[in-house]
There are 2 protein chains.
Amino acid sequence: MRALMELRKKILSGDYPGGTRLFEVPLAETLQISRTPVREVMSRLAEEGLLDRLANGGFVVRSFTYADAVDAIELRGVLEGTAARLAAERGVSQAGMDQLGEILARLEACFGGGPDEVDLEAYSEANAKFHAVLVGLSNSSVVQREVERATRLPFASPSAFLSSRTHVAAFRQSLHIAQDQHRSLVAAIAGREGARAEFLAREHARIARKNLEYAVYENPELMLTVPGLVLLNS
Amino acid sequence: MRALMELRKKILSGDYPGGTRLFEVPLAETLQISRTPVREVMSRLAEEGLLDRLANGGFVVRSFTYADAVDAIELRGVLEGTAARLAAERGVSQAGMDQLGEILARLEACFGGGPDEVDLEAYSEANAKFHAVLVGLSNSSVVQREVERATRLPFASPSAFLSSRTHVAAFRQSLHIAQDQHRSLVAAIAGREGARAEFLAREHARIARKNLEYAVYENPELMLTVPGLVLLNS
DNA sequence: CAGGACTGCTTTGTATACACGGGACTTGGC
DNA sequence: GCCAAGTCCCGTGTATACAAAGCAGTCCTG
């Protein structure tokens, strides 16, 4: 199934702009496989939300506007917020809280002495872990499934603007605020404050929205380096 | 693609209980088609959330617990709530509000003179329309897409407990409350009250949760007549 | 000149045959 | 007697050939 990764990569790197119809025969030649696995691959990418099924068969690369990206981020916030609220309402075991605390400490350790000094690589990894664990603590496989789904769109992922290739001051500075929200979120869950946890998670996601806004309007060359932003059309 | 509908129907009617692994060859014989379209069908049902992909290939019928159903309903409420909030925040055109008002009136007309007299058939149809239009008014294709997805699980659908086969007093009585919530929801959107709209939509969905609770604990024979409830296992 | 129908091509849908991989069972050796 | 290795079977992955459907372009007719 290397073909799946290959096609996904091509779409994510902008080889096939949004709205491009993908024909089976040429794709089969490009990927050096026959039509049957091509269909399989496209079907999976449709599940991921990267392709749309056409009414009369066939697939097109899904096309995203700036507004869609904003909504996808908002949606991620809503879903993570729900997971956080459920975790708070239903309660989290001591082991779960310990796990969150440990990741929190790992995130903390990524900040160096200087005000602008961050180990982005380590932060990005711990951040992804934090979000994954948080969602798991909702104790709801249904919610977890949908969060993971919403997160699969690269520009909506919690780590979208943390790629090590994007050493942008504006992004780095947001990390202190983000980390404070992480801490507050954990405190809210520990204190069974469902509403607080929910809205902190939402606001947390809106950092990504702000970063997106910055990339699109202030620093357009970032569109090429931040993963997924090439998918944005108009 | 009648095979798709046929297999979906079989799963929804409980022919293949949750956790059942679906093998391609026997399924191909059952459905009277070859393995290739069987794979296609299963792939689509996986997209719908009725099947799960196994790690090493193959599919199993997704298995739902009571808690999963509760969570799926809550999730639907959260997503519809988000749509309602966005509609309120972003504003809805006069034409949109008129459309909502018209459906509201149609719902109203379903209640007869008696306290327990309802044209369930008409109500169910208008109710489905109301929810669809409401979500459309969010003006967000991303949110709309995910609401429709969450709604595809039959027991999480807004019309789950409105099937005409389930003339249960407990369900009918909830309709007056539901209709009041519909009216309030429209008022909230008209008044740009985002938070109110969001939480009304959530609470509205929780009527379904209550009905589910009733079906499972008070009137188990309903499990067989309410569409989708046969999917619930433990 | 315009509209409709027919034909041909392009593209997806379906069937079938073959390849590959994994797991279980059996057999042989220690 | 137990463990390990090999083989066989079951099930999915892949390729290819063929069928059917949709679309467009052209030609014929009114």
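Proteins get letters first, then strands, A, B, ... in listed order; numbering begins at 1 in each.
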Query raised in the report: Can you name the side chain to side chain donor-acceptor pair (under 3.5 Å) partners of E148(A), sequence neighbours left out?
Result: Q144(A)
Requested in this report: Kindly state which residues belonging to residues 41-54 of chain A come within less than 4.0 angstrom of DNA chain C, counting heavy atoms of the residue only, listed by number.
Outcome: none
Query raised in the report: For the residue pair R76(B) and S157(B), what are the closest heavy atoms and their distance?
Result: NH2-O, 3.6 Å
Requested in this report: Taking only heavy atoms on the protein side, list every residue of residues 30-40 of chain A lying under 4.0 Å from any atom of DNA chain C, sorted numerically.
Outcome: R35(A), R39(A)
Report task. Scan residues 1-8 of chain A against DNA chain C and write down, sorted by residue number, each residue with any heavy atom closer than 4.0 Å; if none is found, say none. Result -> none
Query - Sequence-distant partners of E198(A), salt bridge (Lys or Arg N to Asp or Glu O under 4.0 Å), two or more places apart - result: R85(A), R202(A), R202(B)
Report task. Please work out whether the ring planes of Y66(B) and Y217(B) are parallel, tilted or perpendicular, with thresholds of 30° and 60°. Result -> perpendicular
Query raised in the report: Considering heavy-atom distances to DNA chain D, does N56(A) or F59(B) have its closest nucleotide positioned more toward the 5' end?
Result: F59(B)
Query - With sequence neighbours excluded, residues passing salt bridge (Lys or Arg N to Asp or Glu O under 4.0 Å) with D68(B) - result: none
Query raised in the report: For F23(B) and dG22(C), what is the distance between atoms CZ and P respectively, to the nearest whole Å?
Result: 17 Å
Report summary line: note: E24(A), atom CD; dT16(D), atom C1'; distance rounded to Å ~ 14 Å
Report task. Could you go through the salt bridge (Lys or Arg N to Asp or Glu O under 4.0 Å) check for D52(A) and R145(B) one step at a time? Result -> CA-CA 11 Å; D52(A) 271 332; R145(B) 188 185 176 105; 3.0 Å; yes
Report task. For P227(B) and A160(B), work out which heavy atoms get closest and say how close. Result -> CD-O, 3.6 Å
Query raised in the report: Between F155(B) and F64(B), how do the two ring planes meet: parallel, tilted or perpendicular, split at 30° and 60°?
Result: perpendicular
Requested in this report: Report the C-alpha separation of S43(A) and R44(B) in whole Å, then their side-chain angles, then the decisive distance to 0.1 Å, and conclude whether the side chain to side chain donor-acceptor pair (under 3.5 Å) test is met.
Outcome: CA-CA 8 Å; S43(A) 180; R44(B) 283 176 185 252; over 6 Å; no
Requested in this report: Ignoring hydrogens and angles, state whether a donor on the side chain of H204(B) or E80(B) is under 3.5 Å from an acceptor on the partner side chain.
Outcome: no
